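Take a look at the structure set out below.
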Number of protein chains: 2
Amino acid sequence: MKDVAARAGVGLKTVSRVVNGEAGVSTDTERRVNEAITALGFRRNDSARVLRKGSTSSVGLVLEDLADPFYSPLSRAVEEVARAHGALLINGSSAEDPERERELVLALCARRVDGLVIVPASGDHRYLEPEMAAGVATVFVDRPPGRIEADLVLSDNFTGAREGVAHLIAHGHRRIGFIGDQPRIHTAGERLRGYRAAMAEAGLAVADSWVAPGGTDPQRVRADAARMLDGTEGTEPVTAFFSGNNRVTVALVRELAAPVRRERAVALVGFDDFELADLLSPAVTVVAQDPADLGRNAAELLFRRLDGADDEPRRVSRPTRLIARGSGELPPSL
Amino acid sequence: MKDVAARAGVGLKTVSRVVNGEAGVSTDTERRVNEAITALGFRRNDSARVLRKGSTSSVGLVLEDLADPFYSPLSRAVEEVARAHGALLINGSSAEDPERERELVLALCARRVDGLVIVPASGDHRYLEPEMAAGVATVFVDRPPGRIEADLVLSDNFTGAREGVAHLIAHGHRRIGFIGDQPRIHTAGERLRGYRAAMAEAGLAVADSWVAPGGTDPQRVRADAARMLDGTEGTEPVTAFFSGNNRVTVALVRELAAPVRRERAVALVGFDDFELADLLSPAVTVVAQDPADLGRNAAELLFRRLDGADDEPRRVSRPTRLIARGSGELPPSL
DNA sequence: ATGAAAGCGCTAACAT
DNA sequence: ATGTTAGCGCTTTCAT
């Protein structure tokens, strides 16, 4: 910028004015400055600007996996809102590792992002207290923060799961298996709670072997499903499944489509919608969340804070929607 | 940092040494400094650090759409490589708009990212010349840059498409429709070229109405497909489709699954693999790319440059793989 | 082992 | 309309 000023024969501040489109520069001077800028290939160094202004016009997003089809639309939605506010998005995947989440978040804080949107992997966010006190706006989405208060956007996982399981019960099922994600994940716990509530409301007992929380690894999902389908000593086989998220659903669909399984129609309702669910046979009935909507809400809450709102932390709950497509309406086959 | 120094009763440089783990600080002093850091909730301001050091330890990624199932694994792969090199990832979606790409890229340059990975939407990247001259390492992926020289990682789109279409021909098809993305996109053009090459090699003429490049909008894909399936005056209906990318394939699968279409089996080979392709009926034969592999290669090329490599720009070509699943092996039905 | 001073490139505040 | 000065928070250089 100094070079530009020298070349244009003006002061530093005048160049700054031109670069930032501020008023108070004659058209002639402006032209000379712009010529110098082009000639020198000058581009403002935002690091210096940030250092001086204190705000970076960037927000951070930390989630489990950027490539997960559930989270990528969420990420895109946050990006769109950020863009509308002139901010860039820095994002990172925690890979469901609390330590990695912490490292990422603190690295983003060191970069002085204006705000953070977090899908937490950790259960304890007290490490964020100094940062939030220092003015980093923070919004949690999809799962609540641990041991601190902050804005939060959640789907109504409990109600959604309860409705999904009630739907199976309404279609005549009495022995329904639940395969879900790791129970330490909030959403997984809520969905399991919804499953139990629906069963209890229908007066149905739940055998221990019908409940298999434990992560999204396709191998383990298929193994647990196979076990429930075949029945164990003292427990009859299930006639339907409720699956805890889209990764589990996809693994489950693969197991149900395996040649040895096809002879028997097993009902399925999955939490989370996914692409092509409508084109499988049977088409998969789901309890749908809208990940883009979650992301948009979270980002808007964030920018509300950045615009100065300093009221109590908000908790936004978004409804889920049962989409009946066929797999959830199959009658019990045993 | 000044506050920390004051509280610990040491000089500024000593705090800097502790924060950066440099040698030359007595254990006792170090302890006092660390106490002060914790007490004050101090976190180094990376903006100042960047300003002084000149490097940001961050890389930018610009692509069409972060939420596209083809690009999100690419993005994740870039993130992983960046992480291995201690760098953060800033990313943005160009939405296939050249002007938006340019804005994003220049914003990233102003932030002084160390390097850029770009899936270009624009056909002219001369705007990057000053930046590259100023030392911003740049790698293009999935599509070549326009009017400049730079590192590049591409799938072999032409060969992949030619093989895919040849596969249909080998299964008896003579009238094959091509539905692709906008032809100004490099990959779309290459795939169309592959289609034409395969047809020509088999001595088959291509009717104008069999070729429909034009974007991924599901409505238009289905309309064009319907037109080709019904035939037009002077042109017989097609018996097979080759689709130009995964968005087109999914739209096409929907059209072929529509009740009115089901009576006739239409063969399909799609460019790009996609989740659940194997579970549709018929399962969809595809020419698969590996988006994560593309991203990984691009990022590694980038960090190679950042590590000082200054040889000629490289052009890395990655092979595609034909995965036969059923839809591409259906015989002609007319 | 430790510290003082200069300066990275910009903008805010205050001249002129 | 334009320029000057100070300083954002850190690292570099050079003393001590």
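Note that the structure is a prediction, hence the values are computed from the model and not measured. Sequence lines set the chain letters: A, B, ... in the order given, protein chains first and strands last, and positions in each chain run from 1.
Between the C1' atom of dC8(D) and the CE atom of Met1(A) lies a distance of 15 Å, rounded to the nearest Å. Put simply, NZ on Lys53(A) is 18 Å from C1' on dG9(D), counting in whole angstrom units. At whole-Å resolution of the value, NZ in Lys2(B) and C1' in dC10(D) are 12 Å apart. Arg52(B) has its CZ atom 5 Å from the C1' atom of dT11(D), to the nearest Å.
Across all strands shown, Val50(A) has no heavy atoms under 4.0 Å from either base or sugar-phosphate atoms. Among the atoms of the strands shown, none is found under 4.0 Å from any heavy atom of Val19(B). Note on Ser47(A): nothing from the nucleic acid sits closer than 4.0 angstrom, heavy atoms only. Using a 4.0 Å heavy-atom distance criterion, Asp46(A) is classed as making no nucleic acid contact.
Donor-acceptor pairing under 3.5 Å is lacking for the side chains of Arg143(A) and Asn157(A).
Of the listed nucleotides (dC10(D), dG3(D), dC8(D)), dC10(D) has the atom at the smallest distance from the side chain of Leu12(B). Of the candidate nucleotides dT11(D), dC10(D), dT2(D), dT2(D) has the atom nearest to the side chain of Thr29(A).
Classification of the His85(B)-Phe303(B) ring pair by plane angle, with boundaries at 30° and 60°, yields parallel.
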Show me the donor-acceptor pairs, under 3.5 Å and distance only, between side chains in residues 102-111 of chain A and residues at least two apart or in other chains.
from	atom 1	to	atom 2	distance (Å)
Arg111(A)	NH1	Thr56(B)	O	3.0
Arg111(A)	NH2	Thr56(B)	O	3.0
Arg111(A)	NH2	Ser57(B)	O	3.2

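Heavy atoms of other residues, nucleotides or ligands lying less than 6.0 angstrom from CD of Glu312(B) number 12 at most. More than 12 non-hydrogen atoms from other residues, nucleotides or ligands lie less than 6.0 angstrom from CZ of Arg31(A). Environment of CZ in Arg184(A): crowded, with over 12 heavy atoms of neighbouring residues, nucleotides or ligands closer than 6.0 Å.
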Close N or O pairs between protein and nucleotides 13-16 of chain D (under 3.5 Å):
none

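Boundaries of the chain A contact region on DNA chain C are dG9(C) to dA13(C), first to last in 5' to 3' order (nucleotide atom under 4.0 Å from a heavy atom).
In terms of position on DNA chain C, the residue among Ala48(B) and Val15(B) whose nearest nucleotide sits closer to the 5' end is Val15(B). Both Gly9(B) and Leu51(B) sit near DNA chain C, but only Gly9(B) has its closest nucleotide nearer the 5' end.
Residues forming a side chain to side chain donor-acceptor pair (under 3.5 Å) with Asn297(B) (at least two apart in sequence, or on another chain): Asp293(B). Scored by the salt bridge (charged side-chain N to carboxylate O under 4.0 Å, His left out) test, Asp68(A) finds no partners at all (sequence neighbours excluded).
For the pair Arg32(A) (side chain) and Ala8(A) (backbone), a donor-acceptor distance under 3.5 Å is present. Of the possible polar contacts, none joining the Glu64(B) side chain to the Ala95(B) backbone as a donor-acceptor pair under 3.5 Å is found.
Residue Thr14(A) places no side-chain N or O under 4.0 Å from the OP1 or OP2 atom of dT2(D).
Contact check of residues 32-44 of chain A against DNA chain C (heavy atom, cut-off under 4.0 Å) returns Phe42(A), Arg44(A).
Side chains of Thr187(A) and Gln289(A) form no contact here, defined as non-hydrogen atoms less than 4.5 Å apart. Between Asn34(B) and Glu30(B) the shortest side-chain heavy-atom distance falls below 4.5 Å.
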